[in-house]
> 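Let me give you the structure first, and then I'll get to my questions.
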Amino acid sequence: MSISKTYQPREFEDKWYSYWLQHKFFASVPDDREPYTIVIPPPNVTGVLHMGHMLNNTIQDVLIRRARMKGKNACWVPGTDHASIATEAKVVAMLKEQGVNKKDLPREEFLKYAWEWKEKYGGIILEQLKKLGASCDWDRTAFTMDPHMSEAVIDTFIHLYKKGWIYRGIRMVNWDPQGKTAVSDEEVIRKEVNQKLYYIRYQVSSTKYQDHSEQPNDSILDSSYLTIATTRPETIMADSAICINPNDERYVHLHGKKVLVPLINREIPVILDDYVAMDFGTGCLKVTPAHDLNDYQLGQKHNLPVIDILNDDGSLNDKAQILVGEDRFAARKKIAVMLDEAGSLEKTEDYKSQVGFSERTNAVIEPKLSMQWFCKMEEMAKPALDAVLNGEVNLIPEKFINTYRHWMENVRDWNISRQLWWGQQIPAWYLPDGQFVVAKTREEAFEEAKKLATKYSQLTVNDLTQEEDVVDTWFSSWLWPISVFNGIAEPDNPEIKYYYPTNDLVTAPEILFFWVARMIMAGQEWRGEVPFKNVYLTGIVRDKLGRKMSKSLGNSPDPLDLIEKYGADGVRIGMLRSSPAGNDLMFDEEHCKWGSSFGNKIWNAFLLVKGWQVDDSLTCTNRVAIEWFESRFSQALTEIEDNFSQYRMSEALMSTYKLVWDDFCAWYLEMIKPGGQVTADGIFKQLPTDRETHTRTIKFFEDILKILHPFMPFITEELWHDELFGERGIKDSCIVAQLPSYGEFNTQLLSDTEVVKLIITQIRNIRNSKQISPKEALTLAVKVNSKIDYSSYGAIIGKLGNINQLDVVSDKIGGAISFLAQTDEFFVPLNESVDPDAEKIRLEKEVEYLQGFLKSVNSKLTNERFIQNAKPEIIETERRKKADAEAKLAIITKGLQDLAG
RNA sequence: GGGAGCAUAGCUCAGCUGGUUCAGAGCAUCUGCCUUACAAGCAGAGGGUCACAGGUUCGAAUCCUGUUGCUCCCA
């Protein structure tokens with residue numbers, strides 16, 4: 001295989017993805033190996049890939065590829081959820097364009113359109129995931145409305161209903177008047193909005209007055225009114241009371257009184273409750289139980305009637321008495337005018353407050369009372385909380401445990417019904433008299449109903465009507481780790497037994513509660529076992545100014561454009577590097593650029609090695625370098641392993657990066673690089689290398705490709721198949737290669753080499769400061785005070801420092817530039833003489849530094865309590881530091897004396 | 001209003017069970033190099049009172065308390 005001269009990821013990324021697919025490298029079936037399983041957090045079927053998915057799925061892919069390369073049976077299950085409200089909104093919009101109104105369609109027909117839409121447009125995101133290299137087992141692609149998945153949802157509903165954990169009730173819900181459905185708290189986006197605060201007068205009606213006259217007497221009433229402040233004047237017709245704080249001295253005269261709602265003159269009581277803040281507004285609060293959650297609770301407490309004046313679409317109904325049929329916002333404008341004309345509007349003020357908007361339709365959310373289905377949380381929350389507290393499930397990073405606990409201890413019942421068609425229709429069946437039964441099929445329901453319906457002896461199966469509502473999409477998702485393996489209908493099937501519980505879940509902290517927590521509940525309820533061992537929580541991808549990425553801001557790059565520009569490998573590692581677990585990622589395209597530069601580096605290192613010729617007659621002169629890199633590689637592997645074991649993915653990546661770029665490319669390859677020769681006619685000719693160096697280096701390269709593969713699957717697979725590595729069978733692919741295992745490493749060699757690197761750096765510094773070209777060879781002399789055997793390292797120092805002669809001397813060389821490496825003294829004789837004054841200043845600085853250093857070390861060692869309390873190894877290193885510093889100091893002091901003499 | 005978290009170089013962040021003079025990385029900046037794999041590169045350099053104030057300790061960026069500033073969640 002010939003290889004391109006430059007790194008061009010576009011030329012090979014798609015090719016290898018197809019190759020992996022074709023040879024079924026992603027596929028998993030249960031076998032004897034240890035399983036490693038991840039279920040994807042199913043993206044919304046209407047969604048497209050955004051930066052958050054990119055990060056999240058890269059992490060999953062790194063984990064799954066690593067597991068595969070450790071010999072585990074790796075299974076990553078992909079899929080999408082049906083996103084009832086989002087999908088239904090899309091289908092309704094599509095039908096509207098075709099001139100069809102959802103209301104005019106029967107349910108079945110609407111669902112037919114919805115399925116068509118799903119087949120046609122749904123799941124684009126899964127295709128996009130392939131571009132980033134996601135090694136999912138696509139044969140297992142699941143959808144939350146697949147027949148067996150839906151069946152699991154229905155079975156769960158029935159199961160929990162029978163346990164008494166699902167019930168029907170009237171509750172205040174977040175109502176989306178445009179989508180005409182309840183939405184969860186999580187689907188409500190709160191924004192600060194400029195509004196007006198309307199000050200409205202309510203006339204006080206005295207008992208006396210009521211007793212004596214049918215007609216209002218203006219002169220009495222005008223002198224007696226109270227004023228409330230509200231942002232929602234259109235809801236006054238739904239008022240049930242006015243509430244004041246019992247301690248509010250301003251309003252003592254109102255205790256026990258009644259007032260009249262302006263415009264409609266309905267009488268309502270003045271009630272007392274210290275819920276009312278005296279310093280907010282006027283201190284008088286209008287209580288509207290049907291249209292405000294807090295008012296609802298207040299109403300319950302005081303036994304107030306609930307007057308609901310709004311239709312499902314947000315328009316006013318008959319109970320409002322006036323403005324019937326008007327939209328709530330139009331009504332607000334009109335009623336302000338009417339109040340003003342009636343003299344009931346005292347004033348208006350500008351006011352900022354938080355308003356909830358529907359995430360899906362952007363309509364202003366209306367708190368609304370409605371009959372909904374609820375799932376009790378109390379019994380399930382307790383064990384799910386314990387599972388996290390006792391470490392059965394690890395949250396990474398741990399800081400989320402607090403947040404999790406807080407939520408689980410204050411959990412509220414889960415509203416699981418949605419007034420939509422797209423989703424699993426609730427398996428409840430109503431009798432003509434309003435009673436209902438819960439059953440899987442109409443026939444089963446009929447059997448149940450007959451037991452109830454004694455007075456309907458004539459009841460037929462067709463008299464039953466099924467509940468119109470569907471269940472919340474999360475009621476599907478919480479079963480995901482079980483239902484993708486069909487573990488509810490067939491709890492003992494071999495797949496669920498093999499793959500469950502899964503290993504790691506990678507998701508965003510914002511769905512820790514309503515998805516992760518509920519999966520734990522479902523897992524414990526159905527299988528008596530948590531669904532995963534570790535939950536890795538990613539951060540939020542933000543732009544470089546720290547703003548969340550959003551469509552409306554237009555600050556989100558398209559991940560596919562980035563992949564096109566920088567290659568999937570580059571984007572993957574660019575994102576991974578700057579995102580430790582749980583930390584938000586300030587995205588900047590520079591990260592991707594960095595990633596692709598690394599790809600380029602690897603590519604070019606490969607070209608270098610590939611270009612070498614071998615001469616079998618040569619003996620190996622690079623054994624020290626080879627042994628050093630082998631040790632260094634083992635050492636790096638332990639670091640990488642350690643980082644992974646603690647889920648420090650970005651750290652693991654950086655350890656790998658440093659090993660490859662710094663140790664392998666910048667040091668090792670430079671050490672062993674065969675030199676060149678300029679022929680008589682000025683042509684450069686590369687010299688061959690020996691067989692051993694060549695073989696060992698290729699092996700190192702192969703190992704490097706392996707450890708890089710989970711991070712950068714494409715470039716590694718591309719290079720893996722190069723002829724440099726010899727013939728490869730089809731199944732001999734990097735994706736399934738086994739990670740190298742680390743051996744012992746020679747710490748002496750590693751530390752000696754650090755000194756050698758220091759020497760080379762010093763030589764380069766001398767060249768830099770003296771403006772000596774790297775091409776000009778220098779001589780170097782060393783006075784050895786340590787135990788390092790420099791004869792082993794002469795070749796390396798010679799090559800990297802361009803030193804043509806290394807002498808071991810017993811006395812210092814006068815007039816030469818000198819430097820210390822550890823305690824060994826080095827001399828570089830130059831033609832020019834060294835300025836003694838400058839040299840003196842340099843050495844004095846060194847002395848000053850070392851004395852300071854010694855002082856801090858000595859202060860520890862002379863401190864009795866340090867000696868008593870510190871661990872022995874800490875004391876030992878302090879002693880060694882002291883000895884080293886004293887030795888250095890002696891050498892430098894001598895140097896200063898020589899300079900003076 | 002209740003809870004949680006964060007504050008380290010110009011920027012983005014590491015620094016894990018306190019212990020090498022521990023203050024680090026990458027990017028950005030500056031200097032010198034188109035050296036024979038790579039200018040997406042090479043060789044170097046500068047840059048920080050670890051938010052502030054106390055405390056615990058032989059020893060604190062790290063643990064504790066308070067203050068200030070920011071973020072998120074819940075109401």
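Letters A, B, ... are given to chains in the order of the sequence lines, protein chains preceding strands, and every chain is numbered from 1.
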> How many Å lie between CG on A:D884 and C1' on B:U21, as a whole number?
13 Å

> Under 30°, 30 to 60°, or over 60°: which ring-plane class applies to A:F513 and A:W407, parallel, tilted or perpendicular?
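Ring orientation, 0 to 90° scale: parallel.
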
> Surrounding CD of A:E873 (heavy atoms of other residues, nucleotides or ligands, distance under 6.0 Å), is the total greater than 12?
yes

> Across nucleotides 29-42 of chain B, 5' to 3', mark each nucleotide with B, S or - according to how protein heavy atoms within less than 4.0 Å reach it.
-------BBB-BSS

> What integer distance in Å separates A:R405:CZ from B:G3:C1'?
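After rounding, the gap between these two atoms is 12 Å.
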
> Could A:D703 and A:K699 be called an ion pair, given the rule that one side-chain N must be under 4.0 Å from one carboxylate O?
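Yes, charged N to carboxylate O under 4.0 Å.
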
> Compare every heavy atom of A:Q8 with every heavy atom of A:S4, then report the nearest pair and how far apart it is.
OG-CG, 4.2 Å

> Do A:E848 and A:K845 sit within salt-bridge range, that is, some charged N less than 4.0 Å from a carboxylate O?
no

> What is the distance, rounded to the nearest whole Å, between atom CG of A:D588 and atom P of B:G10?
18 Å

> Find every protein N or O atom lying less than 3.5 Å from an N or O atom of nucleotides 22-26 of chain B, and list the pairs.
| from | atom 1 | to | atom 2 | distance (Å) |
| --- | --- | --- | --- | --- |
| B:G26 | O2' | A:R577 | NH1 | 2.5 |
| B:G26 | O2' | A:R577 | NH2 | 3.2 |

> Closest heavy-atom contact between A:Y404 and A:A384?
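Closest heavy-atom pair between A:Y404 and A:A384: OH-O, 2.8 Å.
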
> Rounded to the Å, how far apart are A:W407 CH2 and B:C73 C1'?
12 Å

> Between B:U20 atom C1' and A:F866 atom CZ, what is the distance in whole Å?
10 Å

> A:N863 near the nucleic acid: base, sugar-phosphate alone, or nothing, with a heavy-atom cut-off under 4.0 Å?
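It contacts sugar-phosphate atoms only.
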
> Write down the partner of B:U67 under the Watson-Crick or G-U wobble criteria, each distance required to be under 3.5 Å.
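In the structure as shown, B:U67 has B:A51 as its Watson-Crick or wobble partner.
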
> Round to the nearest Å and state the distance from A:N858 atom CG to B:U21 atom C1'.
14 Å

> Describe the nucleic acid contact of A:S773 in one word from base, sugar-phosphate, nothing, applying a heavy-atom distance below 4.0 Å.
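If one applies the 4.0 Å heavy-atom cut-off, A:S773 turns out to touch nothing in the nucleic acid.
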
> Within the distance-only criterion (no hydrogens, no angle test), does the side chain of A:E846 pair as donor or acceptor with the backbone N or O of A:I892 below 3.5 angstrom?
no

> Do A:Q635 and A:R632 meet the criterion of a side-chain donor-acceptor pair at a distance under 3.5 Å?
yes

> Just how far, in rounded Å, is P of B:U57 from CD1 of A:I867?
19 Å

> Could you tell me whether A:E878 and A:K882 make a salt bridge, using a distance below 4.0 angstrom between a side-chain N and a carboxylate O?
no

> Taking the minimum atom-to-atom distance to the side chain of A:R648, which one of B:A28, B:C16, B:U21 wins?
B:C16

